[in-house]
Amino acid sequence: MQYWLMKSEPDEVSIDDALAAPRQTVPWFGVRNYQARNFMRDAMRVGDGVLFYHSSCDDPGIAGIAEVARGDGVLFYHSSCDDPGIAGIAEVASTPYPDDTQFDPESQYYDPKSTREHPRWMLVDVRAVEKTRLMTLPEMRAITELADMQLLRRGNRLSITPVTPAEWRCIMLHIKKKP
DNA sequence: GCCAACGTTGGC
DNA sequence: GCCAACGTTGGC
């Protein structure tokens, strides 16, 4: 059993989106970094613990369309973004398989160099277990036991990072109480 | 808006 | 293979 932290932009896939999905499970599409891919392809096992992290999101804007009643249209507008931080707990829910978005010319994640015979980008499914309060970066930085977390290292941009069992236990303890 | 860090690209 | 230029991520 291993532990991971996986970053998502909440205006793309948030912890709420994952909880609302069938079986509370979403494919972790869109990773286009070899190190992060290799974690999913080679190291993750079904049942591994995942910290569901919301990274800072893009500009405010219309994030969805809904219908209230009888055709009343509603545009979901994200007026501002929350701080980045851990927003929930999840688990690895599948073995690796190809990321479909790499084959779709309409997708922002399209990779013209990838083929179905030799897919370049693999992903796993992630099942949301529970939404937590937002544990922010400043809060994490203030905890001595988390000082060496890969997430907190200067210049870290990797969207998937391993978490040690000690870091996991420490975060589980802190996230259940008030900051 | 700024910028550090790091990945990718392409000329040689 | 080297490496400068450029692009992206993502916190601040």
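Reminder, nothing fancy here: chain letters follow the sequence lines and each chain counts from 1. In this text, all values refer to a predicted model and were calculated from it rather than measured experimentally.
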Could I get the full list of side-chain contact (heavy atoms from CB on, under 4.5 Å) partners for A:Y110, not counting sequence neighbours?
-> A:P105, A:P112

Tell me, please, which residues at least two apart from A:D148 pass salt bridge (Lys or Arg N to Asp or Glu O under 4.0 Å).
-> none

Would you indicate what A:R141 reaches in the nucleic acid, counting non-hydrogen atoms under 4.0 angstrom: base, sugar-phosphate, or nothing?
-> sugar-phosphate

Is there any ring pair (Phe, Tyr, Trp, His ring centres under 6.0 Å) pair reaching into residues 2-27 of chain A, and which pairs are they, with sequence neighbours excluded?
-> A:Y3-A:W168, A:W4-A:F39

For A:S159, what residues pass the side-chain contact (heavy atoms from CB on, under 4.5 Å) criterion, not counting sequence neighbours?
-> A:K7, A:V31, A:A36

Boundaries of the chain A footprint along DNA chain C (any atom under 4.0 Å from a heavy atom) = C:dG7 to C:dC12

Taking side-chain contact (heavy atoms from CB on, under 4.5 Å) as the test, write out the residues that go with A:A166, two or more places apart.
-> A:T164, A:R169

